[in-house]
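Naming convention: chains lettered A, B, ... in sequence-line order (proteins, then strands); numbering from 1 in each chain.
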2 protein chains.
Amino acid sequence: MHLTLKQLRIFEAVAEHRNYTQAAKSLFLTQPAVSMQIRQLEEEAGMALFERSGKEVRLTDAGLELLHHARLIHQQLEEAQQAMAEMRGLKRGRLRLTMASTANYFAPRLLAGFCRRHPGVRISLDVANRDGLIQALENNTSDIVIMGKPPERLPVRAEIFLDNPLVVIAPPGHPLAGRRRIPLSELARHPFIVRERGSGTRAAVERFLARHDVERPTGMEMNSSEAIKQAVQAGLGLGVVSLHTLEMELALQRLVVLDVEDFPIMRHWRMVYRRDKRFSAVAQAFHDFVRDEAGALLSRAADDAPAPPSPPAAPAG
Amino acid sequence: MHLTLKQLRIFEAVAEHRNYTQAAKSLFLTQPAVSMQIRQLEEEAGMALFERSGKEVRLTDAGLELLHHARLIHQQLEEAQQAMAEMRGLKRGRLRLTMASTANYFAPRLLAGFCRRHPGVRISLDVANRDGLIQALENNTSDIVIMGKPPERLPVRAEIFLDNPLVVIAPPGHPLAGRRRIPLSELARHPFIVRERGSGTRAAVERFLARHDVERPTGMEMNSSEAIKQAVQAGLGLGVVSLHTLEMELALQRLVVLDVEDFPIMRHWRMVYRRDKRFSAVAQAFHDFVRDEAGALLSRAADDAPAPPSPPAAPAG
DNA sequence: GCCTTCCATAAGCATTATTGATGGTTGCAA
DNA sequence: TTGCAACCATCAATAATGCTTATGGAAGGC
């Protein structure tokens, strides 16, 4: 069976004009082109679709039936094109993201900004530890992964979009608080709270200390930045966390940043994705959004967004 | 926009196989052909539909969306082809017939025979006088017209499918009953009941008498064969009707056929249709059915059909 | 009867699709 | 690593299709 859309389109035009020549004009074709396409269509249908007499062109019963179907097909086709156009125009689509758990502190503002610009885009967000991030890349279950240090084994691309300075924190009354240019060696004398094994932050800290020939101070392990901050506030020791997570604690003077030599450890947030990835329109848009505007968006104070105490949000779809 | 069904079909195949080469095989194409069609489709969609990596071919979000639409379109298409096939196969369709009122006596058997063979075909039957028949041809409101003498002014085709002998009838006790080879001139002495002006039968009788130089006997006018038969039975005069309408009256000896010289007037039943007519499948089937089987069907006694008193019919769809 | 309108047909041309050959990439196994 | 196999992209040549111009025939209007 060798039906073509062209045939159906021409057929519809003829059915509507009841005149080959007019139909041809309306399609910017010549009349013979119409004649031939109709003839082919009739051959495929196996019967006449029009009755031609000198006077007029009329649909046969079969033609009437086919016209009905042709219109339905036409309609379906337009819906398909509409859907494509909408996805191109980012009115719709799905975005699969995976983020390091430590990205928590800026992720909401990032996503909110993107969603505000593209309502209708559904985002599914996974928060995972480093293993989870790597799996997401391996299994292609995520369009973009937000993480720190990209995995070296996988064929991925990584783009820095935000600094992530790690600083040493202490409770306000700590002996080192207020001291300037604290040498690294000093740190080793104090108990130290670190992230669990496998954490990117911990690995970064250990690499950093090793590079500077400093033994890691003894201390507890905690499995989140929040827990570390709480522990430090409670006086259990020093800690290393991302500066950006300290906004409120610093403002309320619950914690202080120590001025340690060679700190902050400058790490970066990256968008990481498979080298063979072909971005969907939505993914591309998110990528560009983050690349171009993450810095500005995230450096603005958090009070910028929820400042007017209006109702929390529009109902989500 | 330049979508083609070919593109959609190939797209579906690739989506299902997740492999260009396999998809190509399943469509009896080569792999490059598939590559190119998909590329075109992607250009028209304005975005990637597949993610290709060395390992596998995966649908993008847009691809998934398009696949959905492609399947709907495909489905519509198959319904259209199904409809065409059914009309070709005469499972469905409409047949518009117009018949001379005097065809009443055989029409039911004819239609019943056709309907039994093609259930699902709807027949709309108009019974009209000669003027009505001609109008039906002029306005193309009928596929086929069953009539006697075809109109000469219209560009029509006419095909004889049945004899229609007109005979002179009388009540059994009539003085002419039983006489052999009654000369035409004898008829003129008896009152004569004829069809109304405009009737084909009357015209035929008048042409016949004129050709034989016989003046038409005086008498009444009646507007149907049935009325004439009744009047003749009542002794109001002689009449001329189609032999085929007399089956029961002859069997019951309510009427007799006179053996008049040069009678019967041999007329014919014809299928008449516009010369430019392009038959629908149903119309063609009816035409062939009548041409090939009307004789056999109508010469069989009427008791042939309803003879076995079995359940009427299978439930219609 | 002539002229116009309209569809069918045919030959030539332009466009498009398909093929076969080839190259690059990836994954797998020796 | 190297070699191999599977797979998709690309290219040039060819096959197929569709379109156009030119022309013919039929029907209707004047």
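Taking side-chain N and O atoms only, A/Thr21 has a distance below 4.0 Å to OP1 or OP2 of C/dC7. Using a 4.0 Å cut-off, no side-chain N or O of A/Ser35 falls inside it from OP1 or OP2 of C/dC7.
Here salt bridge (charged side-chain N to carboxylate O under 4.0 Å, His left out) pairs that include residues 120-140 of chain B, with residues two or more places apart or in two chains, number zero.
Backbone-only contact: A/Gln40 has heavy atoms under 4.0 Å from sugar-phosphate atoms and none from a base. No contact: B/Val34 has no heavy atom under 4.0 Å from any strand.
Side-chain N/O atoms of B/Asn140 and A/Glu56 include no donor and acceptor closer than 3.5 Å. Counting only N and O atoms by type, the side chains of B/Asp163 and B/His268 include a donor and acceptor under 3.5 Å apart. Side-chain atoms of A/Glu78 and A/Gln82 form no donor-acceptor pair, as typed in the model, at a separation below 3.5 Å.
For A/Glu42 and C/dC7, the CD to C1' distance is 12 Å, given to the nearest whole Å. Following rounding to the nearest Å, B/His2 (NE2) and C/dT16 (P) show an atom-to-atom distance of 7 Å. Atom CZ in A/Arg39 sits about 10 Å away from atom C1' in C/dA10, given to the nearest Å. We find that NZ of A/Lys25 is positioned 10 Å from P of C/dT5, with the value rounded to whole Å.
Interface limits on DNA chain D: the 5'-most and 3'-most nucleotides within less than 4.0 Å of chain A heavy atoms are D/dG18 to D/dA27.
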List the atom pairs, donor and acceptor, that lie under 3.5 Å between side-chain atoms in residues 69-77 of chain B and the rest of the protein, sequence neighbours left out.
{"residue": "B/His69", "atom": "NE2", "partner": "B/Glu65", "partner atom": "OE2", "Å": "3.4"}
{"residue": "B/Arg71", "atom": "NH2", "partner": "B/Glu16", "partner atom": "OE2", "Å": "3.2"}
{"residue": "B/His74", "atom": "ND1", "partner": "B/Glu12", "partner atom": "OE2", "Å": "2.8"}

Taking distance alone, no hydrogens or angles, what donor-acceptor pairs closer than 3.5 Å link side-chain atoms of residues 31-40 of chain B to residues at least two apart or in another chain?
{"residue": "B/Gln31", "atom": "NE2", "partner": "B/Ser35", "partner atom": "OG", "Å": "2.9"}
{"residue": "B/Gln40", "atom": "OE1", "partner": "B/Gln7", "partner atom": "NE2", "Å": "3.0"}

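Side-chain proximity of B/Lys6 to C/dT9, C/dA17, C/dT19: nearest is C/dA17.
Residues B/Arg274 and A/Ile10 each lie close to DNA chain D; by heavy-atom proximity, the contact nearer the 5' end of the strand is made by A/Ile10.
Between the side chain of B/Ser142 and the main chain of B/Arg96, a donor-acceptor pair closer than 3.5 Å is present.
Applying the 3.5 Å distance criterion, the base of C/dA8 shares a donor-acceptor pair with the side chain of A/Gln31.
Near DNA chain C, meaning a heavy atom under 4.0 Å from it, residues 11-19 of chain A has A/Asn19 in order of number.
Note on the helix from C/dG1-D/dC30 to C/dA30-D/dT1: angle between the axes of the first and last five pairs equals 20°, rounded to 10 degrees.
Around CZ of B/Arg18, the count of heavy atoms belonging to other residues, nucleotides or ligands within 6.0 Å does not exceed 12.
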